[in-house]
Number of protein chains: 2
Amino acid sequence: MGHQTVTWDDELVPSDSGRTVAPSANCPVEVALAAISGRWATLVLRDLMGGPRSFSALRAGLPQLSAKVLTERLDGLVAQGLVRRDRSPGFPARTAYALTGAGLALRPLLVELYRTGEALLKSTS
Amino acid sequence: MGHQTVTWDDELVPSDSGRTVAPSANCPVEVALAAISGRWATLVLRDLMGGPRSFSALRAGLPQLSAKVLTERLDGLVAQGLVRRDRSPGFPARTAYALTGAGLALRPLLVELYRTGEALLKSTS
DNA sequence: CAGGATCCTAAAAGATACTG
DNA sequence: CAGTATCTTTTAGGATCCTG
């Protein structure tokens with residue numbers, strides 16, 4: 001096949017860091033995985049891709065997801081800078097969750113997840 | 001922006017199945033996620049992208065990974081049809097693990113994971 | 001060489017009830 | 001409305017020792 005200009009390793013491993021030999025927080029792959037990990041993460045992200053959502057709207061869209069787990073997911077996404085939490089003062093409380101620019105950057109990854117999953121389903125059937 | 005011909009939902013939700021409201025095994029996204037989930041899955045897959053590997057070669061490449069966990073990962077990948085296990089008869093035992101066609105189909109997803117992770121790292125720094 | 005068998009710990013998820 | 005507090009269950013991962 002001749003020599004390729006770009007190999008898997010070229011794309012996956014920074015040339016100055018050597019080969020990844022264990023899961024490490026500063027590996028790009030791990031960073032991306034952290035964003036979509038957790039049983040409900042992709043579903044929450046999908047809902048947010050449609051625009052800002054309130055806590056209750058997210059719960060309504062994902063009926064089986066408990067408040068506790070949703071809070072945990074959201075906290076994680078906020079901590080990673082993927083989602084912004086906007087609290088409106090007053091009572092009853094109102095909060096909107098919206099994707100940040102970094103959060104929006106996940107869209108191609110989610111699309112690729114879907115695409116790959118479809119391909120796997122076809123090759124299996 | 002005008003109307004788009006393809007929206008997130010168009011790509012992510014089959015039109016005949018309604019909206020996904022809980023993690024479900026027949027959702028393409030879940031299928032793809034299953035392939036790359038587990039603390040070491042992406043690292044094992046990366047090694048296999050380089051060609052067939054023996055059990056020991058995989059262990060040597062991932063020194064911190066225990067035999068048990070590697071076996072679990074490999075069993076999962078085989079069960080999903082992503083990896084083929086080729087046992088050579090005789091003693092000592094010899095086994096080669098190789099990606100199937102379906103397994104090779106994961107490459108773009110891994111590349112996208114890397115790409116997205118890099119983007120996130122940049123937007124954070 | 002390539003695992004299987006056990007036991008243990010930690011983290012994630014779920015159920016339920018309650019509060020600012 | 002938007003969470004918090006607890007408690008219980010589930011699951012992934014790791015350590016160690018053993019076997020075909």
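In what follows, every chain begins at residue 1, and chains take the letters A, B, ... in the order their sequences are listed. Only a predicted model underlies this, so the values are computations on that prediction, with no experimental measurement involved.
At a threshold of 4.0 Å, the pair B:Glu118-B:Lys122 does not count as salt-bridged, since none of the basic side-chain nitrogens sits closer than that to a carboxylate oxygen.
If you find the closest nucleotide of DNA chain C to B:Arg85 and to A:Gly38, the one lying nearer the 5' end belongs to B:Arg85.
Counting distance only, with no hydrogens placed and no angle test, the side-chain atoms of A:Lys68 and the base atoms of C:dA13 include a donor-acceptor pair under 3.5 Å.
Here A:Tyr97 does not reach the OP1 or OP2 of D:dC1: none of its side-chain N or O atoms lies under 4.0 Å away. The side chain of B:Arg59 contributes no N or O atom lying less than 4.0 Å from OP1 or OP2 of C:dG3. A close approach under 4.0 Å does not occur between any side-chain nitrogen or oxygen of B:Trp40 and OP1 or OP2 of D:dA12. A close approach under 4.0 Å does occur between a side-chain nitrogen or oxygen of A:Arg39 and OP1 or OP2 of C:dG14. Contact annotation: A:Ser54 side-chain N/O to D:dC1 OP1/OP2 distance is not under 4.0 Å. Distances shorter than 4.0 Å separate some side-chain N or O of A:Ser56 from OP1 or OP2 on D:dA2. Of the side-chain N and O atoms in A:Arg73, none sit less than 4.0 angstrom from OP1 or OP2 of C:dA12.
The distance from atom CZ of A:Phe55 to atom C1' of D:dT4 is 10 Å, rounded to the nearest whole Å. For the pair A:Leu70 CG and D:dG3 P, the interatomic distance rounds to 8 Å; values are reported in whole Å. One interatomic measurement links the two molecules: CG of A:Asp75 to C1' of D:dT4, which rounds to 11 Å at whole-angstrom precision. Remark: C1' of C:dG3 and CG of B:Leu74 are 11 Å apart, rounded to the nearest angstrom. Look at CG on A:Leu62: it is 15 Å from P on D:dA2, rounded to the nearest Å. In this structure, B:Arg87 places its CZ atom 16 Å from P of C:dC1, rounding to the nearest Å. In this entry the distance linking CG of A:Leu58 with P of D:dC1 reads 13 Å, nearest Å. Following rounding to the nearest Å, B:Asp86 (CG) and C:dA2 (P) show an atom-to-atom distance of 13 Å.
Under a 3.5 Å cut-off, the side chain of B:Thr95 and the backbone N or O of B:Ser54 do not form any donor-acceptor pair.
Side-chain atoms of A:Val69 lie closest to C:dG14 of the nucleotides D:dC1, C:dG14, D:dG20. Side-chain proximity of A:Ala67 to D:dT4, D:dG13, C:dA2: nearest is D:dT4. Here D:dC1 is the nucleotide among D:dC1, C:dG3, D:dG3 with the atom lying nearest to any side-chain atom of A:Arg94. Here the nucleotide nearest the side chain of A:Phe91, chosen from C:dG3, D:dG3, C:dG20, is C:dG20.
Within the 4.0 angstrom heavy-atom criterion, only backbone atoms of the sugar-phosphate kind lie near B:Thr71; the bases stay farther away. In this structure, A:Thr95 reaches the sugar-phosphate backbone alone: every heavy-atom distance under 4.0 Å involves primed, P, OP1 or OP2 atoms, never a base.
Here the OG1-CZ distance, from B:Thr42 to B:Arg46, works out to 8.0 Å after rounding to the nearest 0.5 Å. The distance from the CH2 atom of B:Trp40 to the CG atom of B:Leu70 is 10.0 Å, given to the nearest 0.5 Å.
B:Tyr97 pairs with exactly one of B:Arg84, B:Arg53, B:Arg85 by the side-chain hydrogen bond (donor to acceptor under 3.5 Å, both in side chains) rule, that one being B:Arg85.
Considering only heavy atoms from C-beta on, B:Thr116 stays 4.5 Å or farther from A:Pro108 through its side chain.
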